[in-house]
Student: 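Quick one: structure below, then a few questions.
Indexing begins at 1, ligand by ligand and atom by atom, following the structure's order.
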Amino acid sequence: MSNLFSIIHGPNLNMLGKREIGIYGKETMDDINAEINREADRIDVAVDFFQSNSEGELVTHMQQCRERAKGAVLNAGAYTHYSIALRDAISAAQIPVIEVHISNVYKRESFRHVSVIAPVCAGQICGFGSQGYILALKVLAEKFDI
Ligand code: DQA
């Protein structure tokens with residue numbers, strides 16, 4: 001197993017900065033990745049980044065994380081709410097995965113209150129914008145980078 005933490009963005013997160021700015025803010029995915037990179041340098045851990053709009057590609061990436069990564073930060077976007085395939089892939093990966101959402105999903109539509117991936121994740125952070133990814137990386141590094 002490597003020393004790498006994988007940062008995974010699901011569907012529509014490549015549209016950040018253009019998409020529903022009132023909910024998700026002005027930062028783009030590249031801005032967020034740059035912040036994560038700065039934090040990774042500061043705490044001296046390795047990260048890589050993956051984004052896909054496709055459920056199958058996310059499943060394949062998660063499967064590969066089993067061999068490649070020590071943990072993952074995952075914003076699964078809308079797949080959070082219904083992808084049993086992604087849930088099974090997280091479970092099979094046998095690495096700590098922290099579920100992140102930019103928005104506070106519990107203040108939004110009721111279909112967003114359900115996370116089918118939460119039971120197989122190490123924890124969940126939502127509602128703190130891009131800061132949630134940084135918090136998740138810190139937790140992974142402190143708890144699991146041994
Ligand atoms: C999201 C919340 C999801 O409900 C939504 O489908 C997204 C983004 C968030 O980061 O707040 O695409 O995961």
Side-chain angles (χ1 to χ4, degrees), residues 4-43 45-66 68-145:
L4 185 80
F5 293 112
S6 193
I7 313 298
I8 308 169
H9 304 280
N12 297 306
L13 293 163
N14 56 320
M15 296 293 286
L16 288 175
K18 297 189 186 112
R19 160 192 195 213
E20 298 180 277
I21 286 173
I23 295 173
Y24 299 115
K26 286 186 183 157
E27 277 181 298
T28 65
M29 189 180 73
D30 287 346
D31 294 335
I32 293 174
N33 288 348
E35 280 174 49
I36 296 169
N37 254 329
R38 278 195 292 276
E39 182 63 16
D41 283 349
R42 199 184 67 78
I43 63 178
V45 296
V47 287
D48 74 358
F49 299 94
F50 181 77
Q51 191 276 330
S52 180
N53 295 319
S54 145
E55 185 179 18
E57 283 180 10
L58 290 163
V59 166
T60 300
H61 182 78
M62 191 53 73
Q63 289 173 357
Q64 291 166 351
C65 279
R66 185 186 160 114
R68 293 180 53 247
K70 206 170 224 183
V73 177
L74 169 66
N75 186 344
Y79 291 138
T80 304
H81 312 303
Y82 67 91
S83 175
I84 308 297
L86 193 52
R87 176 196 164 119
D88 287 350
I90 295 167
S91 199
Q94 292 191 309
I95 56 166
V97 175
I98 300 190
E99 174 184 351
V100 168
H101 301 285
I102 292 167
S103 64
N104 182 350
V105 285
Y106 299 103
K107 279 188 176 173
R108 301 181 63 197
E109 302 95 327
S110 57
F111 62 84
R112 295 186 206 276
H113 302 176
V114 175
S115 168
V116 298
I117 65 170
V120 293
C121 287
Q124 184 193 61
I125 299 171
C126 76
F128 302 123
S130 59
Q131 191 68 22
Y133 294 87
I134 306 292
L135 291 170
L137 181 62
K138 278 183 171 170
V139 172
L140 282 178
E142 279 171 32
K143 262 181 89 92
F144 302 105
D145 190 24

Student: Is there side-chain contact between Asp48 and Ile7, with heavy atoms separated by less than 4.5 Å?
Tutor: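 Side chain of Asp48 against side chain of Ile7, heavy atoms only: no contact under 4.5 Å found.
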
Student: Do His61 and Arg68 come within less than 4.5 Å of each other through their side chains, counting heavy atoms only?
Tutor: yes

Student: Using the test side-chain hydrogen bond (donor to acceptor under 3.5 Å, both in side chains), find all partners of Ser91 that sit at least two apart in sequence or belong to another chain.
Tutor: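 Once residues adjacent in sequence are excluded, Ser91 has no partner under the side-chain hydrogen bond (donor to acceptor under 3.5 Å, both in side chains) criterion.
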
Student: Which N/O atoms of ligand 1 sit under 3.5 Å from a protein N/O, and at what distances?
Tutor:
{"unit_1": "ligand 1", "atom_1": "4 (O)", "unit_2": "His81", "atom_2": "NE2", "d": "2.7"}
{"unit_1": "ligand 1", "atom_1": "4 (O)", "unit_2": "Arg112", "atom_2": "NH1", "d": "2.8"}
{"unit_1": "ligand 1", "atom_1": "6 (O)", "unit_2": "Ala78", "atom_2": "N", "d": "3.2"}
{"unit_1": "ligand 1", "atom_1": "6 (O)", "unit_2": "Arg112", "atom_2": "NH1", "d": "3.1"}
{"unit_1": "ligand 1", "atom_1": "10 (O)", "unit_2": "Asn75", "atom_2": "ND2", "d": "2.8"}
{"unit_1": "ligand 1", "atom_1": "10 (O)", "unit_2": "Ile102", "atom_2": "N", "d": "2.8"}
{"unit_1": "ligand 1", "atom_1": "11 (O)", "unit_2": "Ile102", "atom_2": "N", "d": "3.3"}
{"unit_1": "ligand 1", "atom_1": "11 (O)", "unit_2": "Ser103", "atom_2": "N", "d": "2.9"}
{"unit_1": "ligand 1", "atom_1": "11 (O)", "unit_2": "Ser103", "atom_2": "OG", "d": "2.6"}
{"unit_1": "ligand 1", "atom_1": "12 (O)", "unit_2": "Arg19", "atom_2": "NH1", "d": "3.3"}
{"unit_1": "ligand 1", "atom_1": "12 (O)", "unit_2": "Arg19", "atom_2": "NH2", "d": "3.0"}
{"unit_1": "ligand 1", "atom_1": "13 (O)", "unit_2": "Asn75", "atom_2": "OD1", "d": "2.8"}
{"unit_1": "ligand 1", "atom_1": "13 (O)", "unit_2": "His101", "atom_2": "ND1", "d": "2.8"}

Student: Which class fits the ring pair His101 and His81: parallel under 30°, tilted 30 to 60°, perpendicular over 60°?
Tutor: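 It falls in the parallel class, under 30°.
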
Student: If you take all heavy atoms of Gly71 and Leu140, which pair is closest and at what distance?
Tutor: C-CD1, 4.1 Å

Student: Just checking, any donor-acceptor pair under 3.5 angstrom between side chains of Tyr133 and Asn33?
Tutor: no

